[in-house]
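Let me begin by presenting the structure, written as structure tokens, before commenting on it.
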Amino acid sequence: MSIPLKAKQPTPQQRAARDDLIAMLRKHEHLRADEMLAVAAYTVGQLIALQDQRTMTPTMALEIVSANIEAGNQHAQAEVKSAGGAPV
């Protein structure tokens with residue numbers, strides 16, 4: 001079962017949650033980027049496991065994750081580019 005995905009602007013509560021996650025990651029800047037990625041991916045896996053399996057299958061959850069990884073990647077590249085850096 002697939003769910004229809006559509007882009008939408010985050011709510012203020014969603015922005016606040018993301019800002020808190022970014023702040024937490026900055027507290028651990030001593031970790032290498034690949035280590036941070038591994039920790040974040042592991043945590044996303046745990047969040048997928050916590051979904052209500054009656055309404056969201058792991059495949060559906062991975063669709064959401066994939067779409068948001070792409071959106072986050074595009075946003076980060078645009079920020080780097082607008083700051084005068086080379087796209088990563």
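Heavy-atom basis, side chains included; hydrogens, waters and symmetry copies ignored.
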Can you tell me how far apart NZ (Lys81) and CD (Gln74) are? Round to the nearest 0.5 Å. 12.0 Å
What pair of heavy atoms forms the shortest contact from Met36 to Leu31, and how long is it? CG-CB, 4.0 Å
Under 3.5 Å, side chain of Glu70 to main-chain N/O of Ser66, donor-acceptor pair present? no
Closest approach of Ile64 to Met56 (non-hydrogen atoms, all atoms of both residues): CD1-CE, 3.6 Å
Note: Ile48 and Pro58 closest approach over all heavy atoms is CG2-CA, 4.3 Å
Linking I/L/V/M/F/W/Y whenever any side-chain heavy atoms sit under 4.5 Å apart, do Val44 and Ile69 land together? yes
Rounded distance [0.5 Å steps], CG in Leu37 versus CG in Leu25: 10.5 Å
Taking every heavy atom of Gln9 against every heavy atom of Gln14, the minimum-distance pair comes out as O-OE1, 4.4 Å
Among pairs that include at least one residue of residues 21-45, which meet salt bridge (charged side-chain N to carboxylate O under 4.0 Å, His left out), considering only residues two or more places apart or in two chains? Arg32-Asp34, Arg32-Glu35
Keeping Ser82 on the side-chain end and Glu79 on the backbone end, is there a donor-acceptor pair under 3.5 Å? yes
Should we say atom NE2 of His75 is surrounded by more than 12 heavy atoms from elsewhere, each under 6.0 Å from it? no
